[in-house]
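Have a look at the structure below before the remarks.
Order of the sequence lines fixes the chain letters, A, B, ..., with proteins taken first and strands second; residue numbering starts at 1 for each chain.
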Amino acid sequence: MKFLIKNILRIIPVLFIISLIVFLLVRVTGDPVSLMLPETATDAERAQLRESLGLNDPLYIQYFTYLGDLITGDFGESFRYNQPALGLVLERLPASFGLAFASMLVATLISIPLGILSAIKRNSFIDLFITGGAVLGKAMPNFWLGIMLILLFSVQLNIFPVSGTGSLMHFVLPAITLGTAIAAEMTRLIRSSMLEILGQEYIRTARSKGLLEAVVVNKHGFRNALIPVVTIMALQTATLIGGTLITETVFSWPGMGQLLIQAVNLRDMAVVQAATFIIALLVIISNLLADLAYRYLDPRIKYD
Amino acid sequence: MRMFSRIEVKKELTLEETKTDKKAYSLKWLKVLLNSKTGTLGLIIVVFMVLMAILANVIAPHDPAQTDVVNRLVPPVWAEGGNPDYILGTDNLGRDILSRIIVGSRVSLLVGISAVFLAGAIGLVLGLISGYYGGFFDRVIMRTVDAFLAIPNILFMLIVLAVIGPSLMTLIFVLGATTWVMYARMVRGETLSIKERDYVRSARAVGAKDIRIISRYILPNIISSFIVIATLNVATTIILESSLSFLGLGIQPPDVSWGLMLSDGREYLATSWWVATFPGVAITITVLGIIFLGDWLRDVLDPKTKTN
Amino acid sequence: MSTSLLQIDDLKVQFKTGEGVVPSVNGVTFSVNEGETVAVVGESGCGKSITSLSILGLVPSPGEISGGTIKFGGKDLLKIKKRELRKLRGNDISMIFQEPMTSLNPVFSIGNQIGEVLRLHQKLDKKQALNKAVEMLDLVGIPDAEKVVSRFPHQLSGGMRQRVMIAMALACNPKLLIADEPTTALDVTIQAQILELIKKLKTDFNTGVIMITHDLGVVAEVADRVVVMYAGEVVEEAPVNELFANPKHPYTKGLLSSIPNVDQVVEELGTIEGSVPNPLNLPKGCKFNPRCPLATERCRKESPVLEEVGPAHQKRCFNV
Amino acid sequence: MTQVKEKKKTLLKVTGLKKHFPVTKGFIKKETIPLKAVDGIDLEIFEGETLGIVGESGCGKSTTGQMMLGLLPPTEGTVTFEGKDLTSLSKEELRRLRKDLQVIFQDPFSSLNPRMTIEQLIGEPLKIHGVMQGKQLRNEVIRLLKTVGLGEHHLKRHPHEFSGGQRQRIGIARALALKPKIIICDEPVSALDVSIQAQILNLLRKLQKEFKLTYVFIAHGLPAVRHISDRVAVMYLGKVVEVADRDSLFEKPIHPYTEALLSAIPIPDPTKRKEHKLLEGDLPNPSNPPSGCRFHTRCPYAQEVCKMKDPELTEYHEGHKAACHFPLQQ
Amino acid sequence: SSNSSTSGDEGSVEKKTEDDKELVIATGADMVTFDIHDHNTTSTEAIHVNMFNYLVKRGEDGFDPDLAESWENVDDNTWKFKLREGVKFHNGEELTADDVKFTLERVANDNKLLEHGNYSQIKEVKVINDLEFEIITHQPEPALLNRLSRLGSGILPSKYIEEEGWDKFLENPVGTGPYKFVEWKKDDRVVIEANSDYFGEAPKWNKVTFRAIPEDSTRVSELLTGGVDIATNLPPSDWERVKDNEATEVAQGPTQRVMMLVLRQTEGHATSDPKVREAIDLAIDKQAILDSLMEGSGTVTRTRVTPGNTGANEDLYGKTLYDPEKAKQLLKEAGYGDGLELKLSAPNGRYLKDKESAELIQAMLGEVGIDLKLEFLEWSSFADKYASKSFDDMFLIGYGNSMFDAALALDRLSSKQAEGETDYNNPEVDKLLEEAMSNMNAEERAKQYQKAQEIIAEERPQIYLYQLDAVYGVNKGLNFEPRLDEMLYVDDITVK
Ligand SMILES: Nc1ncnc2c1ncn2[C@@H]1O[C@H](COP(=O)(O)OP(=O)(O)OP(=O)(O)O)[C@@H](O)[C@H]1O
Ligand SMILES: Nc1ncnc2c1ncn2[C@@H]1O[C@H](COP(=O)(O)OP(=O)(O)OP(=O)(O)O)[C@@H](O)[C@H]1O
Ligand SMILES: [Mg+2]
Ligand SMILES: [Mg+2]
């Protein structure tokens, strides 16, 4: 409990810096007025809008106003949807979250067995094959893989729906698309983590007890290998969410990714800010969860 | 509690008798390299790609921007309807895909390498300061790193590029400015651990100044892990650039990059496969080469494995 | 003389590495009897651990056993099936390793790790295994055994962990216990506790013990018989008193003169010049010749063989 | 022996030396409880002598050594070297003083920068202090190498090309380069093979004679300490529990801990197998040391008072001090 | 073309049949809002038209009644309308003149609304009785009916909005149209269902879903697999594939969008020389661009006012100039014999094949010795520059015209509007446009516009390239006719 509180407290300066980054990204770099008004708007109208948005204040004042709003959860209104930006983002959260979760699941299901296998069959043909596959998985851009999967599994084979949401089947292709790169990363990681663990003395101890090799690997080895993997998995959350930007577009998945891309394109900065902030928060929370999992997995930390 | 009171003296070859003049040493390296099949392959690929980029203008059979409206979407030479003029076929504007790949290697590698350089430089300096001096700097830098890590790279880039407009320079800058955190984290971690090693203590004991300790003791000992990570990141950056192209924010024509070709060609995946496939293959091979090379470098440069 | 429990004959182990073949064990021969403690001494890298790991078929990966036999209970451990060997491990033959800090799995409780052997070999259920684990911990002198079973390795001190390792090794009443430098990582006060414990258990259970060490003090303390190794070979073997009183091999002599003694102060320690040869580039002839004060032309050309020099005393040297 | 000591002048003196490490408990956020690694030590080191410091792992030997060198700022107390208080010197002054204070580390593998050649490693101290350069420097390096039994042909090699004993020699050469007055040897032989240990111990003795060096010799191997030291200090949990000259300490220990320590050492003579006076239990956790006399939890002679009162270090004989309520011999 | 490497059995989709009462249409972008006055996107309106009705509809020639039964010009500034009786909103309320007043005055008065500029001509709506009202304009407004039959002209339920508030309306919009709102899942789908109380012909579909699928290839794949019945904006690369597929076909038709280069005539720019402008025009083979990038669909043109628009000059339509030799000649005459460097800014991804067109144009201009530097901008940056009129020599843009009137199309070329952008200044054109603006004589007005177009085509402040076609992928079981206004009236789509 104490641990949680302390970590949450540590998040505050991070959020503060994030707010600064987001603010600078959004305010310093662009003037949303020209996109918010019709082409026919007069200069006077522009000036008025600028005034009413507070864009004429000095930057630091703008920042503090913005920070003040932030604390009250007010990210401003989306001018595209004329709705509070935060609400829009939160509305999309479940879709993105579901996709991210499914992808993580896919990644885990793929990477754990393959990672372990290639570690125990180190330097064999299988290892080379899996390592090669992992590199390939990493080298394929998301959008390309997504389109290929659609062409193969939906258009040619007619197994999965092409796009959109609705059923569990709809999850399959986007989750594979998004999960592949992460699976690739994780496979490599599990492999090296496993290799390191398998060289540890307690593995030799386990063998000297007469345990089956499978037990040695899966019980004594994997539990330990999992510890660094969990951390990396958490670090992948950012990548994962970043990946949704593209995957959601390819599969017209109604999540935050699409919202964000359009918001950026239209300079709907309230939404951009809200979404960036929420995403950052999500990443931070998932890191926190990973820390918790870490503590659970590694008794050395639990009792320190 | 510090647990290891006595140092593990591990299976250390006593190399007293080994003759190790410089030449033999480099030969050994080569031997080690050739011993690793993937490492050799990686090196060959990377050298090939770099040469291709350097000599692009000389070896490209066509002007990569030259459109040929009559010969649009010509399939590669070996496929039915192929044209020997265009070995890998042409794209929707009738441009020679092979030439575009050759010339595109320039931008792709340039972006990958420069961005990594930039990010690496920022990360190295901040990581060293953070790890070596600790204290307030460290806290500020590390919280900033956390903040950056919480915002997905691609999102960061999306926003900046959309707002200030994509160009080669901004692209490199933005890629560099968002990925420095990885290096900073890694450098900081290594610095922290090396700082506690006895050889750093011994440097202090003989009266070395901070600058000397950082430059002669810490830097040389993290540089190899650094190089490994940087190498691998060149690959990641190349892929990232293609994703940005997908979002319309990557390299802008008339510049060509593999990412751009791949992204443009996606429209033809179902009908004219070669348009997107070849740049994709170029990316894959390069990434493969870089990763193999990086993995191998990891093995060779790591002093732990070196002695064994 | 009691019956021979383990008989190692002409064991050869080599490592095929990128830089060449490392012959780390090069024709090692010795035996262990029931209830007897055989100490194997030698400098770092001379092949002690590899020899002991060979017995259980645990030689790490680029290494392979390239010759010899290891007879245990009439069977050659190098020929039997993997499954049979696994049955012996932890049951008839068990091992303790040097590093108590890293030999226990950090993520499982002590009880779990000790119980694991019992469940496996004695087919106990979880509950029984746990009870037996507590019993074993008691036996090795761990206070509060009931509590300790549920702890994790990092919560114990080095000495406690080594006791846990011993408890684990002895859980199935093995006939042979291999202890690979079990006290090297421990402080003297703790080392003394552990050595006492091993001595006591040996007499209580009549277990044969192979004690690997490079501390001649430890050897003098616990061994019945001593095998001295150098560069992958046995250079001398003798009962403990005989060896200390009457070392025959120059290497053994050098070793004995080079240890400082708390009991008596000498102005200068005896030394063995030079250092252990690179296993990739072993000297011709007697492996010890470059460091040997008595080396002759013959030593540089021919390899001596292990020969009897007294009752149960063998040495590998041309000099008399 | 005692008369000799009278004449000797104190080179280095520590008084009331303490080091408390802030140990962060909890995973990320700190909740600091001090780990009392060194908790009030007074020691004197006389010119030309070797002071051995022994004690179990974690009792604060290295920490003391580091503070003596000025590498670690003490939490409390002073370190006086030739009349100058190291703790009050500026960073730059301290750096210059380093010439006189050198160190040899335990682990020959991690105490040499793997990326430097032997020439650089040994020449570096001279270069840093601007003592010499160029040809002269190189010659000096070669001379140093020869002093420690290595040769010119080793100049261009890197540490990993040497065996442990050789590396330790390189470390010694590096420490010798600046002609220091005192060398703190932090377990210089613990990591080495027996046959090599003897070489290094002999070398250290030879150098001491040759260069009139003063050593602080930290070790937990009592035989080596006895072999090399003139005086010995025994530490337990951050405190010195007994200090005396060598023979008096080994032959007539006063503190029960010293006695136990001596008894625990295996004697390399199978005919002298003896019953050990075994100590119970382990070294307690230094961040939560026992009250009163820290040794009382393991002491066979402990009584009530030991739990309550921390005994003072008292001189029982000439130069033989111990901190115990129930000293073994008076 | 050569690129038909796919087989015909891609996607085993069935043809649409009679008893299938549901229709799914895939669009490239999601609807923007249900605030009909606060968007200016055709694709949003294309959905709205099924839920809302205008007062009048554009018909074959002239205008047809919709909510308004009849209308007349009372005077230059006053139009009188009579509403159809018994029209009900989806929530059951009756349509009255008050609703019209509420709707039109809102957009006419609120300058924050995106459509304000197109309705600000209306001064007020005077309610006569429940069914009758008058629209009074500030100035004579010859194009009023054009304005009332386009984007943002749907009539809103005043009572509902006043009582429940805009937020409620936006969440649960109510109109008079043949289809009622069911749900809108942003960036996913808009679902509407048949309004059984519709005053007109009964709706043909029970349920219609508009799915937003931004990625072209995904949209095509959905069509091929039967996931959707109609896919808009079919990328040319996939036409063959869609045609080859047994159950799908391609439907195409012209749109209001004309692609053009806008040239700066400001002093100091080479493009201020009419010879250079002509040379550019002559150097570009527009038909070749259509052929190579759009599979030949689209129509070359020398005017922006295409057939179907009031004031169209059909003589300039379907015509194009291409004469690279002459272009070289002209350049030489203009003093650029040894080459000329110009800069073209173009949006990337905004219009069909915009980037590729610019690249082809670059190549074609290169042939005649113009070194064209391309600057591609992602749309929002492009829009920024557009608003600040800060393009260099020229930019590529595709204007639409939802008004179906020349006024809107040519307005930008009046010297006042052109200032800072093209700096085109021709008093004659200015005069023609000015007069036509408020000329209530339809025929004469058309003449004025046609004349202006002729001058513009000669002087080339804008070089027209071609009119774009809209291309749809359609399930073969459906009758679907693309409309010039790109609206998707679902009741016009029927099962064969
Ligand atoms: N994984 C390995 N790869 C290559 N050579 C190895 C490996 N493991 C051991 N060796 C070689 O085997 C030899 C014997 O090693 P072993 O571990 O038996 O030594 P040891 O006598 O136990 O030494 P120590 O006292 O340091 O434990 C060493 O010289 C080493 O070179
Ligand atoms: N930098 C540090 N931070 C926190 N605790 C430390 C630090 N350095 C040492 N300690 C702790 O201080 C205590 C004394 O450490 P020190 O290294 O001086 O022991 P030592 O007697 O030299 O032990 P060893 O024989 O293992 O070298 C130990 O408990 C150790 O864990
Ligand atoms: Mg060993
Ligand atoms: Mg120490």
Side-chain angles (χ1 to χ4, degrees), chain C residues 41-46 141 143 156-160 183 185-193 195-196 214-224 226 239-245 251 254-276 278 291, chain D residues 54-59 149 162-166 189 191-203 205-206 220-229 246-247 250-251 257 260-285 298:
Chain C
V41 282
E43 282 176 281
S44 190
C46 69
L156 308 182
S157 68
M160 298 254 274
T183 59
L186 302 174
D187 275 309
V188 263
T189 58
I190 315 295
Q191 165 169 306
Q193 295 168 0
L195 290 180
E196 274 317 298
H214 49 237
D215 186 339
L216 286 170
V218 172
V219 175
E221 199 71 31
V222 298
D224 298 320
V226 187
V240 65
N241 288 337
E242 163 80 3
L243 189 96
F244 278 82
Y251 176 65
L255 272 188
L256 284 171
S257 73
S258 68
I259 29 172
N261 193 335
V262 256
D263 284 353
Q264 65 220 37
V265 185
V266 288
E267 248 328 281
E268 190 159 336
L269 296 170
T271 55
I272 307 173
E273 284 312 313
S275 56
V276 187
N278 177 358
R291 300 176 77 187
Chain D
V54 287
E56 280 173 282
S57 177
C59 70
F162 291 89
S163 70
Q166 288 173 316
V189 295
L192 303 175
D193 268 321
V194 245
S195 70
I196 314 296
Q197 272 188 18
Q199 293 172 7
I200 299 294
L201 287 176
N202 286 344
L203 175 66
R205 284 194 94 159
K206 187 188 111 198
H220 43 236
L222 280 176
V225 170
R226 177 160 205 191
H227 176 74
I228 201 161
S229 309
R246 172 182 64 188
D247 297 321
F250 278 85
E251 271 140 37
Y257 177 61
L261 212 53
L262 288 172
S263 157
I265 301 163
I267 309 293
D269 186 345
T271 57
K272 291 192 191 159
R273 282 191 192 173
K274 59 180 179 190
E275 275 302 306
H276 295 289
K277 277 212 171 109
L278 286 183
L279 279 182
E280 294 287 315
D282 295 318
L283 197 68
N285 184 349
R298 298 170 78 191

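- Checking side-chain atoms of D:Asp193 against main-chain N and O of D:Ser195 turns up no donor-acceptor pair under 3.5 Å.
- Options C:Ala223, C:Ser257, C:Gly270, C:Pro143 differ in how many heavy-atom pairs under 4.5 Å they form with chain D, and the most are formed by C:Ala223.
- For a residue to count as touching a neighbouring chain, one of its non-hydrogen atoms must lie under 4.5 Å from one of that chain's; by this rule C:Ile272 touches chain D with backbone and side chain alike.
- Looking only at distances, a side-chain donor or acceptor of C:Ser258 sits under 3.5 Å from a matching main-chain atom of C:Leu255.
- In this structure, the portions of C:Val218 lying under 4.5 Å from any heavy atom of chain D include both its backbone and its side chain.
- No donor-acceptor pair closer than 3.5 Å links the side chain of C:Arg291 to the backbone N or O of C:Tyr251.
- With a 4.5 Å cut-off on side-chain heavy atoms, C:Thr189 and D:Leu261 count as touching.
- Listed options C:Leu256, C:Asn241, C:Leu195 were ranked by heavy-atom pairs under 4.5 angstrom with chain D; first place goes to C:Asn241.
- Here the CD1-CD distance, from C:Ile190 to D:Glu56, works out to 5.5 Å after rounding to the nearest 0.5 Å.
- Side chains of C:Phe244 and D:Thr271 form no contact here, defined as non-hydrogen atoms less than 4.5 Å apart.
- Side chains of D:Gln199 and D:Leu192 form no contact here, defined as non-hydrogen atoms less than 4.5 Å apart.
- With a threshold of 4.5 angstrom between heavy atoms, C:Gln191 approaches chain D through side-chain atoms but not through N, CA, C or O.
- Ranked by non-hydrogen atom pairs under 4.5 Å with chain D, the options C:Met160, C:Glu43, C:Glu273 are led by C:Glu43.
- Between chain C and the options D:Ile196, D:Asn202, D:Leu279, the largest number of non-hydrogen pairs under 4.5 Å is found for D:Asn202.
- Within the 4.5 angstrom heavy-atom criterion, only side-chain atoms of D:Leu201, from C-beta onward, approach chain C.
- Of the two parts of C:Glu196, only the side chain, counted from C-beta on, holds a non-hydrogen atom closer than 4.5 Å to a non-hydrogen atom of chain D.
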